[in-house]
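See structure below.
Protein chains get the first letters and strands the later ones, always in sequence-line order, with residue 1 at the start of each. Hydrogens, waters and symmetry mates are skipped; everything else that's a heavy atom, side chains included, is used.
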Amino acid sequence: MSKFVQVTTTVNGENVSRSVEPRTNLVDFVRYDLELTGSHVGCEHGVCGACTIRLNGEIVRGCLVLAAQADGGVVETIEGLSESGKISDLQDSFLTRNAGQCGSCTPGMLLTADSLLEENKAPTRTEIREYISGNYCRCTGFEAIVDAIEMTSKKRRGGS
Amino acid sequence: MKPSNFDYVKPKTLEETLTLLGDGGRDSVVLAGGQSLMPTLNMRLSAPDLLVDINGLDELSGVKLEGNQIRIGALTRHVEVENSSVIAENCPLIALAMPHIAHPAIRNRGTFGGSIALADPAAELPACICALGAKIEIVGPGGDRKIVAKDFFKDLYETDLKDGEIVTAVEIPVTSSKTKIAFDELSRRHGDYAMAGLAVNAIMEGKKIENISICFFAISATPVLAEGAAGILNNGILDDDSLGKAIQQLESDLDPLPDLYASRALKMHYAKELLKRNLESWMS
């Protein structure tokens with residue numbers, strides 16, 4: 001059996017094709033093979049959420065999916081979401097509420113928050129906390145993060 | 001950490017999958033949702049030489065209502081079960097348990113069959129399907145077979161699955177209009193592994209319990225049906241007296257396995273408290 005597998009996928013709208021070791025996970029693939037280092041690596045066992053990536057429209061743990069499994073799929077990272085402007089209001093809220101702090105968890109938080117707001121236009125603070133409970137902020141700035149997500153949801157609904 | 005090297009293959013048919021898994025010369029492992037397998041690979045707790053990725057087997061995916069049974073394909077993602085109207089209407093116990101399984105990003109990948117086949121003692125679904133009297137469908141080199149859920153879970157991460165076999169689906173009887181259910185777990189943080197959990201499935205006629213299954217998880221190495229406690233409650237009126245006796249009976253029904261976070265006595269306390277809280281809520 002070949003030591004490498006071919007991965008052909010769309011990453012942030014661009015077609016990419018690379019030969020990778022089967023053991024390469026999706027977050028290492030985007031970071032090292034594609035040099036998209038916005039997705040962070042924390043615990044490497046699915047607990048911290050720093051490596052959150054969108055695969056086929058759904059957020060996943062980048063450390064718990066193999067790059068090989070993205071073959072034929074659609075991958076979106078924080079770079080793609082940032083450049084598209086899709087989450088610019090969410091990013092503004094994070095800045096306004098000082099929800100970034102050290103920034104290590106921020107890309108994962110933004111992707112998770114974006115996914116929440118797609119599913120639920122008006123989440124309560126409890127629902128926000130539940131949804132982001134799989135993303136660790138070790139600066140423990142959760143209050144500001146919840147504020148920022150709530151603020152974005154209110155603005156999107158036409159409030160202030 | 002990074003996993004050891006392995007080969008990767010993604011078969012297109014179940015037949016091809018069984019052939020790959022049946023190759024006794026290779027240390028192969030099935031990759032379904034990967035949400036438990038990948039951490040063990042990343043931490044090098046396991047180092048198989050071949051990963052057989054079954055994510056291409058579409059026939060193993062989906063929730064179907066078939067007569068008075070619900071059939072959940074092994075490859076059905078947790079998120080699909082969570083959002084399924086068939087499950088919400090016909091199997092509310094499973095619907096109630098789903099949000100407790102890890103976090104959204106993990107529920108997007110993790111599979112129903114994977115949770116059953118892994119048999120993590122703290123997992124919600126093995127306990128639910130034991131309480132529901134579900135059957136597990138298995139395919140392997142020796143053909144197809146079905147096994148009642150409570151006989152499937154043998155020990156810590158050990159199941160009745162033989163070499164080369166895989167779980168293909170779970171069949172769950174649909175609820176009746178007299179069904180009463182409860183699901184609850186104690187964990188330090190939402191989505192964390194349970195320190196103790198409870199799944200209850202009962203048939204009730206007013207305050208009278210006709211038949212009850214009480215299954216605990218994260219207490220012992222496998223899901224545990226508290227059969228003595230169920231026996232006390234069966235065919236009787238649920239009141240403070242019968243519930244008190246059933247709770248006391250847990251001392252004999254359960255043999256808690258202490259872990260890093262809880263002693264045997266604390267686990268027993270959690271189990272009793274879970275049963276008390278949940279069945280008391282049925283009385284009010």
Side-chain angles (χ1 to χ4, degrees), chain A residues 1-7 20-28 32 41 43-73 108 111-113 115-116 118-120 126-136 142, chain B residues 1-10 20 23 25-26 28-29 31-56 77-80 82-83 98-111 114 187-193:
Chain A
M1 215 166 279
S2 165
K3 284 213 176 308
F4 294 90
V5 285
Q6 193 68 24
V7 178
V20 299
E21 279 190 336
R23 64 174 166 169
T24 310
N25 65 37
L26 185 57
V27 69
D28 282 347
Y32 296 116
V41 175
C43 70
E44 296 194 310
H45 62 283
V47 175
C48 77
C51 63
T52 305
I53 289 174
R54 278 181 95 109
L55 175 60
N56 302 327
E58 290 177 325
I59 53 166
V60 300
R61 298 286 203 233
C63 72
L64 300 187
V65 178
L66 296 172
Q69 294 185 285
D71 184 50
L111 262 75
T112 303
S115 171
L116 166 66
E118 271 184 2
E119 284 176 26
N120 184 349
T126 304
E127 286 169 337
I128 294 171
R129 282 188 176 274
E130 269 188 22
Y131 206 93
I132 64 166
S133 65
N135 290 68
Y136 280 9
F142 291 102
Chain B
M1 277 173 66
K2 310 297 177 192
S4 302
N5 257 326
F6 47 73
D7 287 330
Y8 168 89
V9 60
K10 189 175 177 182
L20 286 159
D23 177 359
R26 302 209 67 174
S28 56
V29 58
L31 171 62
Q35 302 304 285
S36 299
L37 175 63
M38 288 285 293
T40 67
L41 297 177
N42 289 352
M43 292 189 277
R44 299 204 182 192
L45 295 172
S46 102
D49 65 18
L50 175 66
L51 253 62
V52 180
D53 182 352
I54 62 166
N55 284 278
R77 312 274 170 200
H78 295 319
V79 64
E80 219 178 304
E82 190 179 1
N83 296 334
M98 294 316 293
H100 292 272
I101 301 173
H103 310 286
I106 289 175
R107 295 201 290 275
N108 283 339
R109 292 296 297 176
T111 66
S187 61
R188 295 190 173 213
R189 209 173 45 126
H190 181 87
D192 274 4
Y193 283 105

Let me know if [X] has heavy atoms under 4.5 Å from chain A in its side chain, its backbone, both or neither.
| X | result |
| --- | --- |
| B/L37 | neither |
| B/S4 | backbone |
| B/L31 | side chain |
| B/N55 | side chain |
| B/N108 | both |

TODO: Looking only at non-hydrogen atoms, find the nearest pair between A/C63 and B/N42 and report the distance.
DONE: O-ND2, 3.1 Å
Task: Heavy-atom check, side chain of B/L51 versus side chain of A/L66, under 4.5 Å - done: yes
Task: Side chain to side chain, A/L64 and B/P39, heavy atoms closer than 4.5 Å - done: yes
Between [atom1] of [X] and [atom2] of [Y], what distance do you get to the nearest 0.5 Å?
| X | Y | atom1 | atom2 | answer |
| --- | --- | --- | --- | --- |
| B/F6 | A/K3 | CZ | NZ | 12.5 Å |
| B/M38 | A/Q69 | CE | CD | 7.0 Å |
| A/C43 | B/M43 | SG | CE | 8.5 Å |

- [ ] For each of A/I53, A/T52, A/V65, tally heavy-atom pairs with chain B at distances under 4.5 Å, and name the one with the top tally.
- [x] A/V65
- [ ] Pick whichever of A/E44, A/H45, A/R23, A/R61 has the most heavy-atom pairs under 4.5 Å with chain B.
- [x] A/R23
TODO: Kindly indicate, with the supporting measurements, whether the criterion side chain to side chain contact (heavy atoms under 4.5 Å, CB included) is fulfilled by A/L55 and B/R109.
DONE: CA-CA 10 Å; A/L55 175 60; B/R109 292 296 297 176; 3.7 Å; yes
Open item on the list: Other residues, nucleotides and ligands only: do more than 12 of their heavy atoms fall within 6.0 Å of CZ on A/F142?
Closed with: yes
TODO: Name the region of A/E130, side chain, backbone, both or neither, that has any atom closer than 4.5 Å to a heavy atom of chain B.
DONE: both
Task: Among B/R107, B/K10, B/Q35, residue most engaged with chain A (heavy-atom pairs, under 4.5 Å) - done: B/Q35
TODO: May I ask you to say whether B/K2 pairs ionically with A/D28, meaning some side-chain N is under 4.0 Å from a carboxylate O?
DONE: yes
